[in-house]
Amino acid sequence: MIPGPARGLLLALLQGGLLLSLGGQLLLDRATRPRGWILSEPVDPYLPIRGRYVNLALLVPAPEVPAGQSRPWSGERLVLRSEAARVRAELAGPGTPRSRSLPATPQDKHWRLGPSVAYFIPPGVADPSRRQDGEQLWVEVTLPAQGPPRPIRLGVQRGDGPIKPLELH
């Protein structure tokens with residue numbers, strides 16, 4: 001039997017190890033997985049938890065529909081890839097595992113990915129989702145092997161100009 005104080009120390013070391021392994025995995029993914037900019041629009045999260053974050057719906061350009069296939073519908077699954085520093089999508093094939101694709105809803109020229117992502121904002125910084133007319137909010141994301149994109153930073157595009165990262169310190 002392990003004495004009480006030693007048990008507490010062992011539990012703290014175990015929890016610290018779990019936390020470090022998760023942080024290490026996220027850093028490894030950021031360093032090795034593809035990344036790109038993706039258009040976003042703010043969404044009211046409708047959650048009882050409010051805090052310093054922006055809930056963002058991610059929008060990808062509509063993927064090519066193969067010849068002979070009917071127009072895709074809501075809930076169709078997409079596979080994401082990075083191309084020229086932008087995130088692009090293609091329709092998931094029948095052999096694509098669900099863990100490697102995301103559900104999406106067509107909206108004109110773009111498809112809205114599900115689920116939305118949260119971007120946490122430092123205290124004292126104005127809400128970056130409130131943009132002036134003619135500005136679009138973009139998110140640079142890591143594309144993990146499984147699951148939704150992970151936000152890295154926000155940027156703004158004015159008209160057809162380049163995406164300028166926001167300095168949120």
Side-chain angles (χ1 to χ4, degrees), residues 15-16 18-63 74-92 97-169:
Q15 288 178 337
L18 287 172
L19 183 64
L20 288 174
S21 69
L22 175 61
Q25 178 64 45
L26 293 175
L27 288 174
L28 181 66
D29 278 358
R30 186 174 287 183
T32 60
R33 298 294 306 165
R35 62 178 8 177
W37 289 96
I38 187 168
L39 184 61
S40 68
E41 60 183 29
V43 176
D44 181 9
Y46 190 68
L47 293 174
I49 301 170
R50 298 290 181 185
R52 296 292 301 161
Y53 72 96
V54 179
N55 200 22
L56 300 168
L58 303 178
L59 305 169
V60 292
S74 182
E76 189 80 40
R77 298 193 72 83
L78 300 178
V79 176
L80 303 180
R81 68 183 191 291
S82 179
E83 182 179 293
R86 299 281 175 102
V87 174
R88 303 286 183 232
E90 55 192 37
L91 293 172
R98 289 183 63 83
S99 62
R100 298 195 182 272
S101 63
L102 294 171
T105 305
Q107 293 182 338
D108 296 326
K109 297 177 184 176
H110 293 93
W111 283 45
R112 179 187 291 237
L113 298 176
S116 58
V117 297
Y119 185 86
F120 292 87
I121 307 166
V125 172
D127 183 353
S129 66
R130 297 176 191 218
R131 307 303 329 152
Q132 297 175 4
D133 288 340
E135 292 183 337
Q136 293 179 316
L137 185 64
W138 290 74
V139 184
E140 186 177 21
V141 296
T142 300
L143 300 175
Q146 297 182 17
R150 296 185 189 128
I152 299 171
R153 61 183 174 166
L154 300 178
V156 172
Q157 182 181 34
R158 290 178 181 88
D160 291 332
I163 299 170
K164 294 184 180 176
L166 294 175
E167 298 295 329
L168 301 175
H169 292 67

Partners of Ser82 by side chain to side chain donor-acceptor pair (under 3.5 Å), sequence neighbours excluded?
none
Can you tell if the side chain of Arg52 reaches within under 4.5 Å of the side chain of Tyr119, non-hydrogen atoms only?
no
Pair Ile38-Leu113, side chain to side chain contact (heavy atoms under 4.5 Å, CB included): steps then yes or no:
CA-CA 11 Å; Ile38 187 168; Leu113 298 176; 3.9 Å; yes
Please check if the number of heavy atoms outside Gln132 that lie under 6.0 Å from its CD is greater than 12.
no
Mind checking what makes side chain to side chain contact (heavy atoms under 4.5 Å, CB included) contact with Ala118, not counting sequence neighbours?
Tyr53, Phe120
Closest non-hydrogen contact found for Pro144 with Pro149 is CD-CA, 4.0 Å
Listed once per pair and sorted, the side-chain hydrogen bond (donor to acceptor under 3.5 Å, both in side chains) pairs that draw on residues 18-34, sequence neighbours left out
Gln25-Asp29, Asp29-Arg150
Hey, could you give me the CG/CG distance between Leu26 and Leu22, rounded to the nearest 0.5 Å?
4.5 Å
Step by step, work out the side chain to side chain contact (heavy atoms under 4.5 Å, CB included) result for Leu39 and Gln136.
CA-CA 7 Å; Leu39 184 61; Gln136 293 179 316; 3.8 Å; yes
Does any part of the side chain of Ile152, heavy atoms only, come nearer than 4.5 Å to the side chain of Val141, both counted from C-beta?
no
Quick one: side chain to side chain contact (heavy atoms under 4.5 Å, CB included) partners of Val117, sequence neighbours excluded?
Leu56, Leu58, Pro151
For the backbone of Pro42 and the side chain of Ser129, can you confirm whether one donor and one acceptor N or O come within less than 3.5 Å of each other?
no
Report yes if the side chains of Val156 and Ile163 come closer than 4.5 Å at any heavy-atom pair, otherwise no.
no
How close do Glu41 and Leu59 get, counting heavy atoms only, and between which atoms?
OE1-CD1, 3.7 Å
Apply the test side chain to side chain contact (heavy atoms under 4.5 Å, CB included) to residues Leu166 and Leu137: give CA-CA distance (whole Å), side-chain angles for both, the deciding distance (0.1 Å), then the verdict.
CA-CA 10 Å; Leu166 294 175; Leu137 185 64; 4.3 Å; yes
Once salt bridge (Lys or Arg N to Asp or Glu O under 4.0 Å) is applied, do any residues pair with Glu135, and if so which ones, sequence neighbours excluded?
Arg131, Arg158
Does some side-chain heavy atom of Leu168 sit less than 4.5 Å from a side-chain heavy atom of Pro128?
yes
Under a 4.0 Å threshold between the charged nitrogen and the carboxylate oxygen, would Glu90 count as salt-bridged to Arg88?
no
Are side-chain heavy atoms of Leu91 and Glu76 found at a separation under 4.5 Å?
yes
Would you check if the side chain of Gln107 reaches a backbone N or O of Trp111 as a donor-acceptor pair within less than 3.5 Å?
no
Would you please name every residue forming a salt bridge (Lys or Arg N to Asp or Glu O under 4.0 Å) with Arg77, sequence neighbours left out?
none
Validate the cation-pi geometry between Arg86 and Trp138: distance from NZ or CZ to the six-membered ring centre under 6.0 Å, angle to the ring axis within 45°.
yes
Within the structure provided, determine whether Leu80 and Pro34 are in side-chain contact (heavy-atom separation under 4.5 Å).
no
Do Arg112 and Val43 have side chains that approach each other closer than 4.5 Å (heavy atoms only, starting at C-beta)?
yes
